[in-house]
Amino acid sequence: MRLPRIGMSAAAALAIALTAAPAHADTTAPAAAGGDSHALRGAGWALKQTGKDARFRGLAAVNRSTAWLAGSKGTVLRTTDGGRSWQDVSPPTAAAEGLELRDIEAFDARRAVALSIGEGEASRVLRTDDGGRTWTETFRNPDPRAFYDCLTFFDSRHGLAMSDPVDGRFRILSTDDGGRSWSLLPDAGMPPALPGEAGFAASGQCLVSAGPRDVWLATGGGATARILHSADRGRTWRATESGIPAGDPAKGVFALAFRDRTTGLAVGGDYRTGEPSPQAAARSADAGRTWSPAATPPPAYRSGAAWLPHTRAAALAVGPTGTDATTDGGRTWRPLEAGSFDTVDCTPDGSCWAAGEKGRAARLERR
């Protein structure tokens, strides 16, 4: 879904601190004293000047050195030196046409898949195998009723893309060759969409995966904001109410983050400036079958979320008015710092990156 003119990861020192709790620990209990409570102490966003004014809603963090950004005006940037410099590797056609690139998934410093959004042929998928020097368009949406919002990959070969409902059901594309080709999955296993229900192309996190087969889809705009889960790579789905308020085209779940196939976070709210967003976060400990509201949610709309690697229950949520952190698995959130970001991504080596409006990009670092 298009928002009005929107259209609907830490440094090495921090990575050491983040090893305080094992990644496989149970997050159904609050973090113990001396555990995740110190994971973000003294950490904050260090801006990395991109030299661009595009709005970057697509972010793929590979490690603390390498990250990809995708945004407005068909812009794609890549860094391989921790953000000290950025290469403009924008696909020429996307740049010439001013496409809105809202999601990018990267496998390493050379291979990435980007998604542009919009009605009909504006929705496209592009892939590079040489660090962005050349791009190949691997999918162009032929249906004027479809509007693709997000991508996700289970591994370097298998991935999905989702579109807002067509003929009353969300539409799912599948690839088994790393995004070089795509096929439309049957919709018989997809529950009917609610009136007005759609996804939000706000951060590349309305479709997320964990493990080899599990994937979740976030919605808004309908009477309730739902989260759909598939355990078979998108062939059959089960829908659950998230508890995050909806009932308006501007409200719902904007981003999901799953630490593993059972433990998830949802964030969202009302994206309109100045509008309240109560109950803008929820959590699940059962693969998304049920969701519990945060006891202390973020204070405003949040469009992106990510778990901190190697922690027991720490995560970040970002939005136009600031960044919030949780160290108890999403039960309570506290402000980390102000500053506008749209999306956030963390990597296995302990790095976290964020990106957003006016060319903003940052890496989480100790101060």
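Model, not experiment: these values are computed from the prediction.
- For the pair Thr273/Tyr301, no side-chain contact is recorded, criterion being any heavy-atom separation below 4.5 Å from C-beta on.
- In the displayed structure, Arg238 atom CZ is contacted under 6.0 Å by at most 12 heavy atoms of other residues, nucleotides or ligands.
- With sequence neighbours excluded, the residues that form a side-chain hydrogen bond (donor to acceptor under 3.5 Å, both in side chains) with Asp324 are Arg302.
- In this structure, Thr66 contributes its side chain and Asn63 its backbone to no donor-acceptor pair below 3.5 Å.
- Ring planes of Trp291 and Phe258: perpendicular class, angle over 60° (limits at 30 and 60°).
- The pair Arg233-Asp176 does not meet the salt-bridge criterion, since no charged nitrogen lies less than 4.0 angstrom from a carboxylate oxygen.
- Not a single ring pair (Phe, Tyr, Trp, His ring centres under 6.0 Å) links Phe154 to another residue, sequence neighbours left out.
- For the pair Arg110/Arg133, a side-chain contact is recorded, criterion being any heavy-atom separation below 4.5 Å from C-beta on.
- Arg124 is listed as a side-chain neighbour of Glu97, based on a closest heavy-atom distance under 4.5 Å.
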Apply the test side-chain contact (heavy atoms from CB on, under 4.5 Å) to residues Glu100 and Arg57: give CA-CA distance (whole Å), side-chain angles for both, the deciding distance (0.1 Å), then the verdict.
CA-CA 9 Å; Glu100 287 283 336; Arg57 295 182 178 276; 6.0 Å; no

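- Trp333 is linked by a ring pair (Phe, Tyr, Trp, His ring centres under 6.0 Å) to nothing, counting only residues two or more places apart in sequence or in another chain.
- Among residues at least two apart or in separate chains, salt bridge (Lys or Arg N to Asp or Glu O under 4.0 Å) pairs with a member in residues 72-84 are Asp53-Lys73.
- When each of Leu77, Val113, Thr79, Val89 is checked for a side-chain contact (heavy atoms from CB on, under 4.5 Å) with Trp68, only Val89 meets the rule.
- Ion pairing between Asp349 and Arg64 fails under the 4.0 Å rule for side-chain N and carboxylate O.
- Residues passing the ring pair (Phe, Tyr, Trp, His ring centres under 6.0 Å) test with Phe341, sequence neighbours excluded: Trp45.
- Ionic pairing of Asp328 and Arg283 is not present here: no N-O contact between side-chain nitrogen and carboxylate oxygen is shorter than 4.0 angstrom.
- Applying the disulfide bond (SG atoms under 2.5 Å apart) rule to pairs touching residues 173-284 yields Cys150-Cys206, sequence neighbours excluded.
- No donor-acceptor distance shorter than 3.5 angstrom exists from the side chain of Thr326 to the backbone of Ala315, with no hydrogens or angles considered.
- Heavy atoms from other residues, nucleotides or ligands lying under 6.0 Å from CZ of Arg235 number 12 at most.
- Contact check on Asp167 versus Arg169 returns no salt bridge, with no Lys/Arg side-chain nitrogen under 4.0 Å from an Asp/Glu carboxylate oxygen.
- The closest side-chain heavy-atom distance from Leu185 to Leu160 is below 4.5 Å.
- Other residues, nucleotides and ligands place more than 12 heavy atoms under 6.0 Å from the CD atom of Glu137.
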